[in-house]
Amino acid sequence: MALDNETMQGLLESVARFVRERLRPLEHQVAREDCIPAEIRREIAAMGLFGLSIPEDYGGLGLTMEEEVRVAFELGKTSPAFRSLIGTNNGIGSQGLIMDGTEEQKQRYLPRLASGELISSFALTEPEAGSDAASLKTSARRGEGGYVLNGTKRFITNAPHAGLFTVFARTDPSQPGARGVSAFLVEAGTPGLSCGPIDRKMGQSGSHTSDVIFEDCHVPSDALLGGREGQGFRTAMKVLDRGRLHISAVCVAMAERVIDDSLRYAVERKQFGQPIAEFQLVQAMLADSRTEAYAARCMVLETARSKDRGADVATDAACCKLFASEMVGRVVDRAVQIHGGAGYIADHGIERFYRDARLFRIYEGTSQIQQIVIARNMVRDL
Amino acid sequence: MKLLVCVKRVVDFNVKIRVKPDGSGVELANIKMSMNPFDEIAVEEAVRLKEQGKVTEIVAVSIGPQQAGETIRTALAMGADRGILVKTDATVEPLAVAKILAKVVEQEKPDLVIMGKQAIDDDANQTGQMLAALLGWPQGTFAFKVAVGEGSIDVTREVDGGLQTVGLKLPAIVTTDLRLNEPRYASLPNIMKAKKKPLDETSPETLGIDVSPRLKVIKTVEPGGRKAGVKVGSVAELVQKLKVEAGVL
Ligand SMILES: Cc1cc2nc3c(=O)[nH]c(=O)nc-3n(C[C@H](O)[C@H](O)[C@H](O)COP(=O)(O)OP(=O)(O)OC[C@H]3O[C@@H](n4cnc5c(N)ncnc54)[C@H](O)[C@@H]3O)c2cc1C
Ligand SMILES: Cc1cc2nc3c(=O)[nH]c(=O)nc-3n(C[C@H](O)[C@H](O)[C@H](O)COP(=O)(O)OP(=O)(O)OC[C@H]3O[C@@H](n4cnc5c(N)ncnc54)[C@H](O)[C@@H]3O)c2cc1C
């Protein structure tokens, strides 16, 4: 625990207030226009939100995992598009660099990632390599003074805005699995690197993904993350623990948000001469949602603390991701139900959360992949 | 130029206030407390003046229990340089607050004092004016705009029917109105840095101020609920009712 209670409380209150006063009023607009206003992006940067998990020595806040998930519990109480903007810099887009980067690579990029001057993306998934990421085909051949990258990456969050990509590519074609994969730090604007059109998604409008295409893209040898080949996949997997906990915290936050909206609605809305919150069938939905969200909150906090103590939390983090993402799916579904017809109509924003939440069960490892990870580890650790 | 900004810890404006069962006051136990919103505006103005290079040091003062220190920390996170907590668990009325502040002013010798026009808990709207009287300083209350000059300050005030600008010679007292500015959010790095800024503690006794109350609260009650309205049949009837029953025409 790096921060004293008073400072932590101040931090959480400031984020909660920013979410309440600045971000929530913009939810409809951001969804409608599929764009976060530049002014809000600047305010988010000024708040320091891009650098939550980046060490203080490199200009970030250096929050512990527990502190980070507590901030995510607040930040997640609005459209996840806002969180997604800072998500990659704090998670998959910077952690590989923090854990395995050379000192020179850290100095070059981390301060600009912490300030939000530079947006980073994590480019692992490919058209033919999703859950089975280790089978990726993007190649990195040794070339003059460095490497030449060829291949296509798919569904890459923040790619259209990124200044820096962590790209996973195969340096050893004789090794078809994880061991042949290396990670590269590639700057936007490098000749041969381009982004496809912005993907049209089911939800989370305002957050953008696209293909990232490499065509004979030359990168210098010091672009190799950590300066070592064959480490890339291990880096990617290490990064995912933190990411899974962060996403789980966002799921908890979204669940708490829509429970709050549902409760307020149920107390106001009258049918059959009384508030629907008085009907036991509605109460059952509220109670189940509250209970599940609370369980997920406890899991996330406990696992985050355990990670801060240095424990290996790979299994527990997968449990959190599995439970929290499935939980928020059930909770948003009940929220629509409690709102009745209004829950289905866009003006109330509930159907938007219903669509937004669907992603959590898919990215950073689908629910099935979490189940496989959990059970495999259980068997291994017997 | 040195600036003193006064911040009060009050029940957060989002909290639904409940009256204590015995009517002696409002429920404060386990209630979220925050900086008085008018004081936030005062801190924001102070920080802007510092950013413009008009002010070199901002000292934030609060009078209240130990936890009022958190309110000072918020001011430090927004950009104040150091804090002074005048610690007391007693209820401190506007006159006592003004006397304490006058003493702090005597010690700190600021060129300008900025504070909220009132606090949202008891809405007294007296402290700034009393402080000006005790110090014999000019005052610009209900500030809508301030412009600092050489040894002087122009304060545009919100008054009934419009705006009025007064020119004051420094040192002076300014009290802030709602539209002076929009306070910033304390950024996370600044909240962390605020912990390292100096916060001194003193007490009314040390300053030699008697804070014993001069007012007595007789009763506190919930606001009455809204009464049902009436429907009128015609414009003529409405005018008639406004004239005779409401007596507003
Ligand atoms: C909005 C969005 C943002 C994204 N952002 C990024 C990003 O920034 N960077 C990045 O690299 N990727 C990103 N992704 C990609 C994401 O991580 C993948 O979509 C995800 O890993 C699933 O891969 P896939 O889509 O290829 O599905 P597939 O792997 O084809 O899976 C299809 C189905 O098969 C199941 N399945 C697959 N293998 C097994 C198995 N062995 N046993 C049982 N079931 C199995 C899956 O659970 C799923 O239900 C993003 C995706 C989306 C939609
Ligand atoms: C896209 C769309 C098309 C529609 N088309 C038509 C149409 O063509 N014609 C038409 O007349 N209507 C139409 N409707 C209205 C629709 O039939 C109502 O929305 C539906 O009957 C629910 O009513 P409500 O929205 O007022 O929700 P409410 O009745 O307010 O219900 C809110 C929640 O309270 C629960 N609830 C209510 N009463 C009780 C109780 N006693 N015990 C337990 N739980 C209770 C409900 O199950 C629900 O979960 C349409 C609605 C939509 C969204």
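Labels below follow one simple rule: chain letters A, B, ... track the order of the sequence lines, proteins then strands, and each chain is numbered from 1. Side chains are part of it too, since the values below use all heavy atoms of this structure and drop only hydrogens, waters and symmetry mates.
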Roughly how far apart are B:Ser187 OG and A:Leu11 CG, rounded to 0.5 Å?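 With rounding to 0.5 Å, OG (B:Ser187) is 9.0 Å from CG (A:Leu11).
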If you measure from CD on B:Gln67 to CD on A:Glu6, what distance do you get to the nearest 0.5 Å?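 Result: 10.0 Å between the selected atoms.
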Looking only at heavy atoms, what is the nearest atom pair of [X] and [Y], with distance?
X	Y	result
B:Ile191	A:Gly10	CD1-O, 3.5 Å
A:Met47	B:Pro189	O-CD, 3.5 Å
A:Ser14	B:Ala186	OG-O, 2.6 Å

Return yes when atom [atom1] of [X] has more than 12 non-hydrogen atoms of other residues, nucleotides or ligands closer than 6.0 Å, and no otherwise.
X	atom1	result
B:Lys197	NZ	yes
B:Lys145	NZ	no
A:Tyr294	OH	no
B:Glu182	CD	no
B:Arg82	CZ	yes
A:Arg20	CZ	yes
B:Lys20	NZ	yes
B:Glu51	CD	yes

Is there a side-chain contact between [X] and [Y] in this structure, where contact means two heavy atoms from C-beta onward sitting under 4.5 Å apart?
X	Y	value
B:Lys195	A:Leu3	no
B:Lys32	A:Glu13	yes
A:Leu63	B:Leu188	no

Tell me if a side-chain donor or acceptor on A:Thr7 pairs with a main-chain N or O of B:Met192 at a distance below 3.5 Å.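 Flag not set: sc A:Thr7 to bb B:Met192 has no pair under 3.5 Å.
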Given heavy-atom pairs under 4.5 angstrom as the criterion, report whether the side chain, backbone, both or neither of B:Asn190 touches chain A. neither
Proximity breakdown for A:Gln9 and chain B, heavy-atom pairs closer than 4.5 Å: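 Neither part, no heavy atoms under 4.5 Å.
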Does any heavy atom of chain B fall under 4.5 Å from the side chain of A:Arg22, the backbone, both, or neither of them? both
B:Tyr185 versus A:Glu21, side-chain donor and acceptor atoms under 3.5 Å: yes
By residue number, those in residues 55-64 of chain B with heavy atoms under 4.5 Å from heavy atoms of chain A are none
Salt bridge (Lys or Arg N to Asp or Glu O under 4.0 Å) between B:Glu40 and A:Arg17, intermediate numbers included: CA-CA 14 Å; B:Glu40 273 189 344; A:Arg17 185 170 171 191; 2.6 Å; yes
Please list, in residue-number order, every residue in residues 81-95 of chain A that has a heavy atom less than 4.5 Å from any heavy atom of chain B; write 'none' if there are none.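 Residues qualifying by a heavy atom under 4.5 Å from chain B are absent, so none.
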